[in-house]
Amino acid sequence: MRITEVSPSTTTVNSLHRSQLCHLPWSTSVVSWRRIGEEYCYQDFTVPVDVNCKPISVDLLRKAGRKILLQSSANAFKFDQLRSNSPSENELDLKNSLASDNFPLAVPGIFLLCCAFMCPCFRAKRREAVEHSVLDRHLNSMDSISSVEVSSASEKIPATPLKIPPSPSRFSLSPQLTRIGSVHLSINQITKATRNFSPSLKLGEGGFGAVYKAVLPDGQVVAIKRAKKIFEQEEIPALRDEFSNEVELLAKIEHRNLVRLLGYTDKGNERIIITEYVPNGTLREHLDGQHGKILDFNQRLEIAIDVAHALTYLHLYAEKTIIHRDVKSSNILLTESYRAKVSDFGFARTGPTDTEQTHISTKVKGTAGYLDPEYLRTYQLTPKSDVFSFGILLIEILSGRRPVELRRGIDERITVRWAFKKYNEGNLRDILDPLLDEVIDEQVLGKILSLAFQCAAPTRSDRPDMKEVGEQLWEIRKEFGKSLRKA
Ligand SMILES: Nc1ncnc2c1ncn2[C@@H]1O[C@H](COP(=O)(O)OP(=O)(O)OP(=O)(O)O)[C@@H](O)[C@H]1O
């Protein structure tokens with residue numbers, strides 16, 4: 001579920017809960033929420049709740065293709081209605097999501113589930129245990145079924161005591177951009193290189209559009225991201241924004257752990273981004289075992305370090321502070337040697353430019369499960385929002401579980417909460433991905449988990465910055481190496 005925008009009205013969490021969350025350290029908040037039997041937890045901010053923690057309304061719910069829009073007022077869509085009405089297939093999944101998890105999710109599908117079962121990659125010669133686990137993961141996942149967008153009609157941003165830049169630093173295409181990148185192709189050349197956007201060359205599809213693999217006349221292999229055709233007038237500004245964001249940001253970036261922009265085209269109804277091709281799929285696919293071989297612990301550590309380096313670069317060393325805002329396993333691409341490259345800059349924004357400014361105030365964008373709860377509550381965006389997402393990602397890398405696993409028992413649905421409980425009980429090994437058949441030193445495991453929980457602290461001041469995270473991971477990796485030599 002990808003959240004493109006959440007208005008203040010959709011996040012009116014009651015003040016008691018809000019203040020409790022604000023003032024409790026991460027551990028206390030999670031543990032005490034659970035101890036007093038609250039189903040509501042800090043991960044569930046997208047659902048407005050009343051004093052009894054019951055969702056009060058999920059306003060207009062509109063489905064258009066793969067998109068869900070969460071909008072305000074008149075056409076109120078009550079939680080209770082979800083329970084009583086006879087549901088369509090999609091509504092049924094949504095109902096289950098809401099009823100069971102207080103989470104506004106759209107999980108569309110029997111059809112896609114069937115595809116997951118029948119997909120040839122699942123029939124490949126793999127160990128039975130792996131197969132079961134992989135299938136379980138697909139059944140449990142929301143990402144693998146569908147990625148949906150949630151947005152609201154309101155564009156209001158709450159007042160903040162700090163200065164808001166007169167025009168938020170949203171990007172627009174500047175004339176110089178026609179000169180960026182090393183690849184200059186006409187639409188005709190792109191059409192030829194992708195064999196008229198042949199489905200056989202399609203690598204995948206995201207919120208922005210489809211991505212194709214293409215071989216250029218000089219033999220260079222590239223990824224071509226084509227904006228989806230716009231049918232609804234109101235979608236144009238958002239998609240144009242996403243395009244210009246991605247182009248402007250990628251153009252300024254050169255780092256081995258960030259996907260490189262090679263060129264772009266914005267002509268007529270076609271908006272196309274050409275980037276380096278990263279050949280080994282997404283991190284999520286690897287965690288799901290879709291590429292056959294399961295990532296070992298060292299590879300997982302190295303991937304985490306690569307992502308930490310990429311984010312450190314964006315936060316500290318790029319021309320301006322850049323906040324990615326959509327750090328997640330499906331946006332981490334892997335090379336043949338399992339090095340990670342962070343992709344998808346559609347939601348990225350520059351951070352505070354003024355030295356006195358601690359944050360920028362902006363609409364909430366990101367992906368459910370990875371979204372910083374403080375940003376969601378206050379609309380204040382800082383690089384620490386990426387740190388939060390990174391913490392969630394780190395737990396995902398270690399456990400193999402998605403941040404939200406709807407088909408698991410109620411205690412296990414929010415992975416960070418489940419992992420933290422296990423950690424507190426001293427059952428560290430239970431958190432580890434069952435597909436990993438290595439014995440990991442308990443101290444190493446303790447340190448990396450502790451780092452992940454610090455990153456995912458509900459309050460940004462409790463989170464380390466990305467540079468520190470990278471340094472700590474590096475130390476952990478050294479310690480892991482030593483533990484292997486001792487064994
Ligand atoms: N540079 C690339 N090289 C190889 N494959 C790529 C590249 N960029 C994207 N892909 C593939 O295309 C898919 C879609 O990518 P895209 O960034 O558009 O969407 P997403 O991040 O998966 O979804 P969303 O945009 O909704 O978050 C990816 O999951 C990946 O499999």
Side-chain angles (χ1 to χ4, degrees), residues 1-5 65-68 105-106 108 112 119 121 141-151 181 183 193-194 197 199-216 220-228 235 238-239 241-243 245-247 249-250 253 255-264 271-288 290-291 307 310 324-336 338-348 365-371 386 389 392-393 396 402-403:
M1 174 193 284
R2 192 166 174 177
I3 294 182
T4 54
E5 188 185 317
R66 59 191 283 282
K67 242 181 203 184
I68 295 287
L105 293 174
L112 284 168
C119 175
C121 61
S141 78
M142 58 178 192
D143 273 356
S144 64
I145 297 167
S146 173
S147 159
V148 294
E149 296 189 14
V150 179
S151 75
V183 173
T194 55
F197 300 100
S200 65
L201 295 175
K202 193 164 162 181
L203 295 166
E205 185 151 5
F208 175 79
V211 185
Y212 299 84
K213 181 179 176 181
V215 183
L216 302 184
Q220 187 178 4
V221 185
V222 296
I224 292 190
K225 201 168 181 178
R226 183 194 201 193
K228 54 184 160 201
E235 289 180 325
L239 281 174
D241 254 7
E242 195 162 337
F243 179 76
N245 262 9
E246 184 132 18
V247 170
L249 280 171
L250 282 170
I253 288 165
H255 187 279
R256 69 186 181 132
N257 300 120
L258 292 163
V259 170
R260 181 99 190 92
L261 175 77
L262 301 172
Y264 84 97
R271 287 174 315 291
I272 287 168
I273 296 171
I274 306 166
T275 65
E276 72 172 298
Y277 170 69
V278 190
N280 205 3
T282 68
L283 170 59
R284 189 58 248 176
E285 288 163 6
H286 282 270
L287 293 174
D288 283 335
Q290 287 184 34
H291 291 259
V307 177
H324 186 284
R325 279 207 291 184
D326 206 12
V327 176
K328 58 176 176 180
S329 56
S330 60
N331 280 341
I332 313 296
L333 302 175
L334 299 185
T335 67
E336 265 150 358
Y338 296 95
R339 301 320 301 239
K341 285 181 187 271
V342 175
S343 73
D344 201 350
F345 286 75
F347 283 171
K365 292 189 179 194
T367 297
Y370 296 90
L371 257 171
D386 283 349
S389 311
I392 301 295
L393 178 77
E396 184 176 359
R402 287 174 167 75

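For ligands, and for the atoms within them, numbers begin at 1 and follow the listed sequence.
A salt bridge is defined here as a Lys NZ or Arg NE, NH1 or NH2 lying under 4.0 Å from an Asp or Glu carboxylate O, and E396 with K328 fails to meet this definition.
For T282, no nitrogen or oxygen atom sits less than 3.5 Å from a nitrogen or oxygen atom of ligand 1, counting backbone and side chain alike. Backbone and side-chain nitrogen or oxygen atoms of K328 are examined, and one is located within less than 3.5 angstrom of a nitrogen or oxygen of ligand 1. Residue V278 places at least one N or O, backbone or side chain, under 3.5 Å from an N or O of ligand 1.
Side-chain atoms of H324 come within 3.5 Å of backbone atoms of D344 as a donor-acceptor pair (strictly under, hydrogens ignored).
Of the candidates S330, G206, S343, A223, it is G206 that places a heavy atom closest to atom 23 (O) of ligand 1. Here the shortest heavy-atom distance to atom 18 (O) of ligand 1, taken over K213, K225, E285, R284, belongs to K225.
A cation-pi contact, defined as under 6.0 Å to the ring centre and within 45° of the axis, links R226 to F197.
When the side chain to side chain contact (heavy atoms under 4.5 Å, CB included) test is applied to A214, the partners found at least two apart in sequence or on another chain are A193, T194, V222, I224. E276 meets the salt bridge (Lys or Arg N to Asp or Glu O under 4.0 Å) test with K341; sequence neighbours excluded.
Residue-ligand proximity: E276 is placed with a non-hydrogen atom under 4.0 Å from ligand 1.
Set against the non-hydrogen atoms of Y277, the atoms of ligand 1 under 4.0 Å away are 3 (N), 4 (C). Each of the following atoms of ligand 1 lies closer than 4.0 Å to a heavy atom of T275: 1 (N). Those atoms of ligand 1 that come under 4.0 Å of a heavy atom in V211, given as number and element, are 8 (N), 9 (C), 10 (N), 12 (O), 14 (C), 15 (O), 18 (O).
Using a 4.0 Å cut-off between heavy atoms, T367 makes no contact with ligand 1 at all. Contacts with ligand 1 closer than 4.0 Å are made by side-chain heavy atoms of N331 only, the backbone lying farther away.
Checked against N331 for a side chain to side chain contact (heavy atoms under 4.5 Å, CB included), the options V342, D326, L393 give a single hit: D326.
Listed here is the closest heavy atom pair of V259 and S343: CG2-CB, 3.5 Å.
Going from atom CG of L371 over to atom CZ of R325 covers 9.5 Å, rounded to the nearest 0.5 Å.
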